[in-house]
Amino acid sequence: MPIHLLDVNYARSQFPALKTGFIYGDNAGGSQVAVNVADRIYEYLLNSNAQFGADYSVSMESTRRVMVEAPEAAMKLFNAHSPDEIVFGASSTINLENLARGMEDDIQAADEFILTGEHEANAGPWKRLAARRGAVVKYWTPTPTSPNNPYSLNYKVEELLPLITSKTRILAFAACSNILGTILPVKDIVHAARDTAKEKGSKKLEISLDCVAYAPHRLIDVRDWDVNFCVFSFYKVYGPHISALYVRMSSLKESISAITHHFLKVHQKSYKLQPGGPGYELVYGTTGVLPYLFSLTPENDLKASFDAIAAHEQKLVQPLLAYLTAPEQIERGVRIVGAEAPGITRVPTISFIVVGEKVTKSSDIVKVFDKKGGIGIRFGHFYAYSLVKELEPRIDVDDGVVRISLVHYNTAKEVERIIEILTEALA
Ligand SMILES: Cc1ncc(COP(=O)(O)O)c(C=O)c1O
């Protein structure tokens with residue numbers, strides 16, 4: 001199938017927030033909301049705002065929207081088997097915490113968890129579960145990809161496999177880091193990890209994949225990847241502030257105990273992990289994301305839309321990386337944190353620091369942008385605290401990195417403006 005060119009003007013027209021001309025460069029923090037998502041939230045609140053589960057007409061409509069339409073739409077975004085595998089929660093952080101709590105009875109002392117020290121959302125819940133149950137935590141750490149840049153970090157499967165033993169029970173990592181911006185070959189990693197675990201005699205390995213920084217840029221496929229758990233946040237994928245968690249049905253049945261009220265008949269459904277109702281209007285609002293994505297290409301096919309998004313995003317990645325890795329910037333002390341080369345596995349989440357003789361704080365660079373106005377980028381550790389802390393002592397974890405994070409509705413012209421301001425900030 002040929003890759004369609006993304007019609008960026010059309011895409012932008014679906015986001016009223018972009019009409020002001022403000023340059024949104026902090027999308028990995030949160031994207032703008034597509035108009036039909038906002039319309040659905042408004043429509044739900046005004047026309048079907050009733051407690052679901054009753055037999056009167058408005059309640060039945062609410063039930064259909066929240067309990068049927070929304071999980072079915074999220075199921076498509078994950079490529080899950082069943083809407084019963086979808087859990088809604090206020091955030092990916094709380095969804096993963098709830099997941100870890102639901103697994104409490106299935107974890108034994110001396111089980112081993114392998115985690116990446118990235119966003120704390122897919123590390124903290126497992127660390128706390130390990131502490132409660134006496135399990136052992138090991139870290140899969142990223143290493144440089146370029147000999148000249150110690151910060152050009154990426155995760156390599158050959159550094160994961162030796163960590164796997166007969167006791168490995170959980171592997172938790174991210175499909176794409178919210179700092180490093182490189183997409184990992186999830187399918188290959190999972191395949192190699194499962195093979196190694198089997199060879200070593202592991203009886204049960206479950207894999208938790210954080211797709212929060214991945215989902216705005218590429219297609220998720222939990223079936224093809226063979227993961228047990230997968231999470232993303234709709235507020236980074238053009239939707240409202242709510243998260244969806246995929247839990248494979250076999251894990252839901254065999255590994256998870258309900259964390260809901262004891263009298264609720266949750267059976268094997270995902271409500272086992274949904275204590276209390278998530279914001280109904282937001283759950284219904286998520287159903288607007290799928291039609292927006294479909295509308296980007298004529299095929300009505302998610303893969304075609306994400307191919308068009310990926311192709312457009314390369315046009316944003318290339319000039320930014322070329323600028324930041326040019327000899328004058330290297331001389332100035334600019335170092336990319338993450339892979340330096342553009343390519344299809346690189347998303348437009350670009351982080352850097354400035355080291356050397358003219359070391360410059362990340363906050364000072366961002367200040368230049370804030371002073372100009374009309375543009376939003378950010379500095380810090382972005383909750384990937386352990387990852388950024390590893391960059392010390394050369395940088396301070398709270399000052400962290402400068403992060404410019406773009407998505408498909410950003411334009412090449414906006415990148416030109418970013419480069420203009422960067423040139424001033426680095427002078
Ligand atoms: C990679 C990654 N994982 C998890 C999260 C947490 O998501 P939420 O804010 O929905 O808890 C974030 C948020 O920035 C993230 O970037």
Side-chain angles (χ1 to χ4, degrees), residues 24-33 37 74 77-78 86-101 115-128 140 142 153-155 171-184 186 189 207-218 220 222 227 229-246 273-274 278-279 282-283 285-286 289 337-339 345-351 376-390 400-407:
Y24 287 92
D26 183 27
N27 295 284
S31 70
Q32 294 309 298
V33 172
V37 168
L77 286 167
F78 281 115
I86 307 300
V87 181
F88 285 100
S91 63
S92 292
T93 302
I94 195 67
N95 261 338
L96 288 167
E97 182 63 36
N98 286 343
L99 172 64
R101 287 190 174 269
L115 316 177
T116 53
E118 283 191 276
H119 197 289
E120 200 56 26
N122 197 23
W126 302 115
K127 287 192 241 174
R128 288 186 285 277
W140 175 22
L153 300 173
N154 197 11
Y155 291 89
L171 166 62
F173 67 103
C176 178
S177 156
N178 63 329
I179 299 266
L180 307 176
T182 299
I183 293 174
L184 297 190
V186 174
I189 291 170
I207 297 178
S208 169
L209 189 69
D210 177 344
C211 273
V212 178
Y214 171 99
H217 308 287
R218 299 289 190 279
I220 297 177
V222 293
V227 293
F229 317 115
C230 181
V231 73
F232 74 89
S233 307
F234 274 101
Y235 74 96
K236 316 227 188 208
V237 193
Y238 325 115
H241 209 118
I242 192 161
S243 155
L245 168 72
Y246 157 81
L273 287 174
Q274 220 171 261
L282 302 184
V283 173
T286 65
V289 171
V337 178
T345 59
R346 192 69 166 91
V347 304
T349 300
I350 294 176
S351 304
I377 66 160
R378 223 168 154 156
F379 69 93
H381 54 69
F382 302 99
Y383 290 13
Y385 187 87
S386 308
L387 180 112
V388 174
K389 197 155 169 49
E390 287 301 305
V401 301
V402 179
R403 187 179 74 179
I404 299 164
S405 56
L406 307 175
V407 288

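For ligands, and for the atoms within them, numbers begin at 1 and follow the listed sequence. For the numbers below, each heavy atom of this structure counts, side chains included, while hydrogens, waters and symmetry mates do not.
Near Ala121, meaning under 4.0 Å from any of its heavy atoms, are these atoms of ligand 1: 4 (C), 6 (C). Shown in contact with Asn178 at under 4.0 Å from a heavy atom are these atoms of ligand 1, numbered in order with element: 1 (C), 16 (O). Atom numbering of ligand 1 starts at 1 in the shown order; those under 4.0 Å from a heavy atom of Ser91 are 8 (P), 10 (O), 11 (O).
Closest to atom 1 (C) of ligand 1 among all protein heavy atoms lies Asp210 OD2, 3.5 Å. Nearest protein neighbour of atom 11 (O) of ligand 1, counting heavy atoms only, is Thr93 OG1, 2.5 Å. Here the protein heavy atom with the shortest distance to atom 9 (O) of ligand 1 is Tyr235 OH, 2.4 Å. Looking from atom 7 (O) of ligand 1 to the surrounding protein, the closest heavy atom is Ser233 OG, 3.4 Å. Regarding atom 6 (C) of ligand 1, its nearest protein heavy-atom neighbour is His119 CE1, 3.5 Å. Among protein heavy atoms, atom 14 (O) of ligand 1 sits closest to Lys236 NZ, 2.5 Å.
Between Arg218 and Cys211, every side-chain heavy-atom pair lies at or beyond the 4.5 Å cut-off. Looking at Arg101 and Pro125, their side chains never come closer than 4.5 Å, going by heavy atoms from C-beta outward. Proximity of Leu387 to Pro142: side-chain heavy atoms (C-beta onward) are separated by under 4.5 Å at one or more points. In this structure, Phe173 and Tyr155 have side chains that are not in contact, with every pair of non-hydrogen atoms separated by 4.5 Å or more.
Residue Tyr214 places no heavy atom under 4.0 Å from ligand 1. Remark: distances from the non-hydrogen atoms of Glu120 to ligand 1 are all 4.0 Å or more.
In this structure, OG in Ser405 is found 9.0 Å from CG in Asn178, a value given to the nearest 0.5 Å.
Screening Asn95, Thr93, Val212 for a side chain to side chain contact (heavy atoms under 4.5 Å, CB included) with Ser233, the sole residue that qualifies is Val212. Tested against Phe232 for a ring-ring contact (aromatic ring centres under 6.0 Å, His included), the candidates Tyr214, Phe78, Phe88 yield a single pass: Phe78.
Looking at ligand 1, you won't find any N or O of Ser243 less than 3.5 Å from one of its N or O atoms.
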message: I'd like to know whether Ser208 forms a side chain to side chain donor-acceptor pair (under 3.5 Å) with Asn122, so could you lay out the CA-CA distance, the side-chain angles of the two residues, the decisive distance to 0.1 Å, and finally the verdict.
response: CA-CA 8 Å; Ser208 169; Asn122 197 23; 3.0 Å; yes
